[in-house]
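The structure appears below as structure tokens.
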Amino acid sequence: MDFFKKALFLDRDGIINQETNYVHKKEQVIFIDGIFELTKIAKSKGYKIFVITNQAGIARGYYTVRDFINLSKWMRKEFQKKDTSIDHFYFCPFHSEYGIGIFKKESEFRKPNPGMILKARDRFLLDLNSSVLVGDRYTDFLTGKSAGVGTNLILTSEEDEYRSVPVSSRISSLFEVIPYIV
């Protein structure tokens, strides 16, 4: 299995940056404490790093695909300034209920469906069983599980919302992910 690479899958809003109302401009970004340290350690251990994010704001018409791409490019530069990097951003601009125009549809890429992870697996030859996913919602946990990601962690301080997530998969800071990066 050495030929296949390990991956660290990160949700964006709530893991890389604080979740505020449909982040789409660099002025709105507040990075989560520990994100640069976590990605730097993962890189040093040979992990590929991927962002997997639903972008309902595109589906709803609040901002454009171009806005998302521009922000992603800016974020990538911010990571490089901290001597770390993100290998690729995967995003789903579709929403079956609230989407408008071409963005109103079901998609295998919208979490909790595993499409974004499976696409990364196929393109980058990933060993999903040796990989780690970090999200902040139950749908992130379900996405990782259904894709076959070996370790699925949820950053949360709310007990009630995540009763279905095993206690061993709940973390309260990104620094708690580091022991899983082996």
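Computed from a predicted model, the values in this text were never measured in an experiment.
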Only pairs at least two apart or in different chains count here, so list each salt bridge (charged side-chain N to carboxylate O under 4.0 Å, His left out) that has a residue in residues 85-99.
Lys43-Asp87, Lys48-Asp87
Could you walk me through whether Ile117 and Ile52 pass side chain to side chain contact (heavy atoms under 4.5 Å, CB included), step by step?
CA-CA 7 Å; Ile117 292 174; Ile52 55 166; 3.9 Å; yes
Can you tell me how far the CD1 atom of Ile154 sits from the CZ atom of Arg137, to the nearest 0.5 Å?
10.5 Å
What one should report as the nearest heavy-atom pair of Pro112 and Ser146 is O-OG, 3.7 Å
Would you mind reporting whether Ile16 and Ile86 have side-chain heavy atoms less than 4.5 Å apart?
yes
Can you check whether Gln55's main-chain N or O pairs, donor with acceptor, with Tyr22's side chain at less than 3.5 Å?
no
Heavy-atom pair with the smallest gap, counting every atom of Phe9 and Ala120:
CE2-CB, 4.0 Å
Just by modelled atom types, is the Val149 backbone N or O under 3.5 Å from a matching donor or acceptor in the Asn152 side chain?
yes
Starting from the C-alpha separation in whole Å, work towards a yes-or-no answer on side chain to side chain contact (heavy atoms under 4.5 Å, CB included) for Phe175 and Asp33.
CA-CA 9 Å; Phe175 294 103; Asp33 191 32; 3.6 Å; yes
Check: Met116 and Arg121 side chains under 4.5 Å, non-hydrogen atoms
no
In the structure I gave you, are the side-chain heavy atoms of Tyr47 and Ile41 within less than 4.5 Å of one another anywhere?
no
Honestly curious: do Val182 and Leu38 fall in one hydrophobic cluster under the side-chain, below-4.5 Å linking rule?
yes
Tyr90 ring centre to Lys119 NZ or CZ under 6.0 Å, with the angle to the axis within 45°?
no
Is a side-chain N or O of Ser131 found less than 3.5 angstrom from the main chain of Ala7, in a donor-acceptor match?
yes
Quick one: does Arg12's side chain have a donor or acceptor within less than 3.5 Å of a partner on Val23's backbone?
yes
Are Pro166 and Phe141 close enough that some pair of their side-chain heavy atoms sits under 4.5 Å apart?
yes
Atom CZ in Arg110, atom OG in Ser96: separation rounded to 0.5 Å?
7.5 Å
Quick one: pull up CG in Leu155 and CD1 in Ile171 and give me the separation to the nearest 0.5 Å.
5.0 Å
Under 3.5 Å, side chain of Thr39 to main-chain N/O of Phe36, donor-acceptor pair present?
yes
From Asn129 atom CG to Lys6 atom NZ, the distance as rounded to the nearest 0.5 Å:
12.0 Å
Report the C-alpha separation of Glu176 and Ser172 in whole Å, then their side-chain angles, then the decisive distance to 0.1 Å, and conclude whether the side-chain hydrogen bond (donor to acceptor under 3.5 Å, both in side chains) test is met.
CA-CA 7 Å; Glu176 292 177 51; Ser172 58; 2.5 Å; yes
ILVMFWY network linking Ile15 to Trp74, side-chain heavy atoms under 4.5 angstrom
yes
Does the Ser72 side chain pair with the main chain of Phe68, one donor and one acceptor, at a distance under 3.5 Å?
yes
Nearest heavy-atom neighbours spanning Leu8 and Ala42
CD2-CB, 3.8 Å
In terms of heavy-atom contacts, does CD of Glu106 have more than 12 from other residues, nucleotides or ligands at under 6.0 Å?
no
CG (Asn54) and CG (Asp11) are apart, to the nearest 0.5 Å, by 7.5 Å
Are Ile69 and Val29 connected, step by step, through hydrophobic side chains (Ile, Leu, Val, Met, Phe, Trp, Tyr) whose heavy atoms are closer than 4.5 Å?
yes
Would you call Lys111 and Asp140 a salt bridge, taking side-chain N to carboxylate O under 4.0 Å as the test?
yes
Test item: Tyr98 and Lys104 side chains (from C-beta on) under 4.5 Å apart, heavy atoms:
no
With side chain to side chain contact (heavy atoms under 4.5 Å, CB included) as the test, would you mind laying out the steps for Phe4 and Leu126 before giving the verdict?
CA-CA 5 Å; Phe4 294 97; Leu126 303 176; over 6 Å; no
Look only at the side chain of Asn113 and the backbone of Gly115, and say whether a donor-acceptor pair between them is shorter than 3.5 Å.
no
Would Tyr62 end up clustered with Ile102 when hydrophobic side chains under 4.5 Å apart are linked, directly or stepwise?
yes
Distance col, row Lys40:NZ vs Ile49:CD1, nearest 0.5 angstrom, shows 11.5 Å
Hey, does Phe91 have a side-chain heavy atom less than 4.5 Å from the side chain of Ile58?
yes
Salt bridge check: are Lys81 and Glu78 linked by an N-O gap of less than 4.0 Å?
yes
Below 4.5 Å, heavy atoms only, C-beta onward: do Asn70 and His24 meet side chain to side chain?
no
Centroid-centroid under 6.0 Å between Phe50 and Phe124 rings
yes
Would you find a donor on one side and an acceptor on the other, under 3.5 Å apart, between the side chain of Arg170 and the backbone of Thr156?
no
Flag the pair Leu10 / Thr53 as yes when at least one side-chain heavy-atom distance between them is below 4.5 Å, and no otherwise.
no
Chi angles and distances behind the side chain to side chain contact (heavy atoms under 4.5 Å, CB included) call for Phe103, Val65
CA-CA 11 Å; Phe103 298 111; Val65 170; 4.2 Å; yes
